[in-house]
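No experiment lies behind these values; they were computed from the predicted model shown. We're numbering straight along the sequence, starting at 1.
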Amino acid sequence: MPPEILANLGLAQATVATLATVMIIGLGFLHRPSRYALIWSLAFVLAMTSTWVSVTGALLDEEAVRRAGLGLMLGAPALIWSGFRARRAVAAFPWIGAAQSAGTAAVLVLARDPDSYGLVFRLAFLGAAVFAGLTTIELRHATDRWERLAFPLTIVSGAFVAVGLAVVVAGLAAPANIADLSLARVINGLAMLVYLVCATVSLLYFTSVSPVGAGSTPSWPHFVATASDRLARARRGREESWAVLTVSLDDPVQVRSAAGESNWGRLIDEFESVVADTFPAEADLGREMRGRIVVVVCRPGAVLREHVRDVLRRVTEIDASGLVDVHLSASIGWVPAEAADFDLTTLIAEADRAAGNATEQGGDRWERVRV
């Protein structure tokens with residue numbers, strides 16, 4: 001592989017890493033500071049620093065410096081994984097990324113034997129791919145994982161795992177010395193370049209919206225477990241007045257297109273705050289997707305009707321004039337718990353159907369399923 005190609009690839013990677021770092025810090029962390037945004041910012045600072053170290057080593061023909069930069073870079077996926085754990089409000093373990101960077105850099109520098117360096121290089125790349133795979137698993141816990149801006153990171157993380165396995169399998173099938181690693185270096189450079197671009201797109205989205213569990217709504221699995229237990233106890237106790245409601249923002253695609261991604265996140269936060277503030281404090285609220293809140297509550301029909309009317313009115317009163325020109329409204333589907341024998345899954349499906357019917361009738365209304 002001609003040295004100029006490797007040098008140009010390194011410069012491209014360093015440039016992209018620098019721009020991505022500026023965007024993540026400026027548009028992500030500084031715009032909405034949080035612990036997970038800080039960890040992601042550190043991941044990009046690490047990637048930027050390591051790429052410039054690697055490029056400097058290549059330009060000066062200092063192999064030890066180039067290897068050190070390469071090793072430092074491979075710890076970035078672990079920090080991205082840590083950021084998602086922090087966003088989920090569980091132990092983040094950011095020290096793993098720091099330890100992996102330092103350890104990988106040291107091992108690559110100390111592996112002077114060509115054959116041992118080839119093996120260490122491939123295993124180090126696989127180690128980074130492991131954390132890309134763990135990131136994919138963490139993304140499955142995010143209820144906003146189906147947002148389209150979350151897809152680039154999901155896809156590239158899965159591809160990272162496949163490339164990491166392929167590099168190791170190829171090395172075992174045809175043992176390579178240090179001179180035969182140029183192709184693997186190019187693959188590593190291209191993989192990290194694509195990974196940085198896709199991670200930037202997705203992480204800017206994740207830093208612009210509030211995670212589920214931070215605020216009024218718990219994680220969806222927790223909500224399902226809690227609400228199902230409440231309904232099961234209500235069924236055993238023959239308790240009445242339990243209901244499941246779906247509160248959905250009308251025309252979310254149109255609103256999102258008109259508002260843009262950043263303003264869309266703010267509008268959804270305001271919408272969810274209105275729903276949380278209007279229903280009783282003891283009501284269980286869950287969010288499986290943005291723009292739709294499921295409410296499980298025990299209130300007499302007349303009282304609940306007032307809450308429903310209040311929600312519809314307050315949604316239309318959201319001051320969104322500075323964010324979007326589209327008029328905001330919501331539709332509500334209301335299902336008494338006894339209509340589906342207190343089964344949460346069935347009740348949510350029926351409430352969604354009722355809310356959909358209300359939307360088809362023009363929105364800004366509610367529809368109740370009769371027992």
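- S50 places a side-chain N or O within donor-acceptor distance of the main-chain N or O of A47, the cut-off being under 3.5 Å.
- A 4.5 Å side-chain heavy-atom check between F206 and L139 finds at least one atom pair inside the cut-off.
- Distance CZ/F223 to CG/L344: 5.5 Å, rounded to 0.5 Å.
- In terms of heavy-atom proximity, D284 sits nearest to A227 at OD2-CA, 4.5 Å.
- Distance alone, capped at 3.5 Å, is enough to place a donor-acceptor pair between the T316 side chain and the R313 backbone.
- Closest non-hydrogen pair, V156 versus C198, comes out as CG1-CB, 3.7 Å.
- Checked against T21 for a side-chain contact (heavy atoms from CB on, under 4.5 Å), the options V45, T49, L196 give a single hit: V45.
- Taking a cutoff of 4.0 Å between a charged side-chain nitrogen and a carboxylate oxygen, R314 and E270 do not qualify as a salt bridge.
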- Would you check, one step at a time, whether the test side-chain contact (heavy atoms from CB on, under 4.5 Å) holds for W242 with R235? CA-CA 10 Å; W242 280 90; R235 179 176 54 191; over 6 Å; no
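- Linking Ile, Leu, Val, Met, Phe, Trp and Tyr residues whenever their side-chain heavy atoms come within less than 4.5 Å places V308 and L328 in a single cluster.
- Here the shortest heavy-atom pairing between I348 and V244 reads CG1-CG1, 4.2 Å.
- Counting only heavy atoms from C-beta outward, the side chains of I80 and F84 approach each other to under 4.5 Å.
- Listed for the R67 side chain is a donor-acceptor partner under 3.5 Å among the backbone atoms of A111.
- Between W334 and R305, the closest side-chain pair of non-hydrogen atoms falls below 4.5 Å.
- Annotation: side chain of P336 is in contact with side chain of R368 (closest heavy-atom distance under 4.5 Å).
- With hydrophobic clusters built from ILVMFWY side chains whose heavy atoms lie under 4.5 angstrom apart, F271 shares a cluster with V274.
- Judged by distance alone, with hydrogens and angles left aside, the side-chain atoms of T207 form a donor-acceptor pair with the main-chain N or O of L204 at under 3.5 Å.
- Neither I24 nor L42 shares a network with the other; the hydrophobic side chains, linked directly or stepwise wherever heavy atoms of I, L, V, M, F, W or Y lie under 4.5 Å apart, form separate groups for each.
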- Message: Using the rule given for side-chain contact (heavy atoms from CB on, under 4.5 Å), can you reason through D269 versus R290, listing the C-alpha separation, both sets of side-chain angles and the distance that settles it, and then say yes or no?
- Response: CA-CA 9 Å; D269 289 344; R290 295 184 67 79; 3.2 Å; yes
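- The shortest non-hydrogen separation linking I39 to S82 is CG2-CB, 4.1 Å.
- No side-chain donor-acceptor contact under 3.5 Å links S257 to the backbone of V253.
- For the pair D310/F279, no side-chain contact is recorded, criterion being any heavy-atom separation below 4.5 Å from C-beta on.
- With hydrogens and angles ignored, the 3.5 Å screen pairs no side-chain donor or acceptor of T104 with any backbone N or O of S101.
- Under a hydrophobic clustering in which Ile, Leu, Val, Met, Phe, Trp and Tyr are joined whenever their side-chain heavy atoms come within less than 4.5 Å, directly or via other members, V65 and L46 fall into different clusters.
- Checking side-chain atoms of R85 against main-chain N and O of V90 turns up no donor-acceptor pair under 3.5 Å.
- Taken to the nearest 0.5 Å, the CE atom of M73 stands 10.0 Å off from the CZ atom of F125.
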- Determine, stepwise, if the pair R299 / S241 fulfils side-chain contact (heavy atoms from CB on, under 4.5 Å). CA-CA 5 Å; R299 279 293 186 276; S241 301; 5.8 Å; no
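- Under 4.0 Å is where a charged nitrogen must lie from a carboxylate oxygen, and between E350 and R353 at least one such pair does.
- Using a 4.5 Å heavy-atom cutoff, the side chains of D352 and R292 are in contact.
- W95 and F93 have perpendicular rings, their planes meeting at more than 60° on a 0 to 90° scale where under 30° would count as parallel.
- Note: the hydrophobic cluster containing V311 also contains I318 (ILVMFWY, side chain heavy atoms under 4.5 Å, direct or indirect links).
- Atom OG of S248 and atom CD1 of I332 lie 9.0 Å apart (nearest 0.5 Å).
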- Test side-chain contact (heavy atoms from CB on, under 4.5 Å) on L231 and L347 and set out the steps. CA-CA 11 Å; L231 291 174; L347 288 168; 4.0 Å; yes
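- D251 places no side-chain N or O within 3.5 Å of a backbone atom of Q254 that could act as its donor or acceptor partner.
- The shortest distance between side-chain heavy atoms of E360 and N357 falls below 4.5 Å.
- The distance between the ring centers of W40 and F44 does not fall below 6.0 angstrom.
- Once rounded to the nearest 0.5 Å, the distance linking CG of L249 with OG of S331 reads 9.0 Å.
- Separation of atoms CH2 (W81) and CG (L79) is listed at 10.0 Å; rounding is to 0.5 Å.
- The two atoms that bring Q100 and A78 nearest to each other are OE1-CB, 3.4 Å, heavy atoms only.
- Side-chain contact between I96 and F131 is present, with heavy atoms from C-beta onward closer than 4.5 Å.
- In this structure, S202 contributes its side chain and L149 its backbone to a donor-acceptor pair below 3.5 Å.
- Note: L30 CG to L38 CG = 10.5 Å, rounded to the nearest 0.5 Å.
- Minimum heavy-atom separation, A14 to T18: O-OG1, 2.8 Å.
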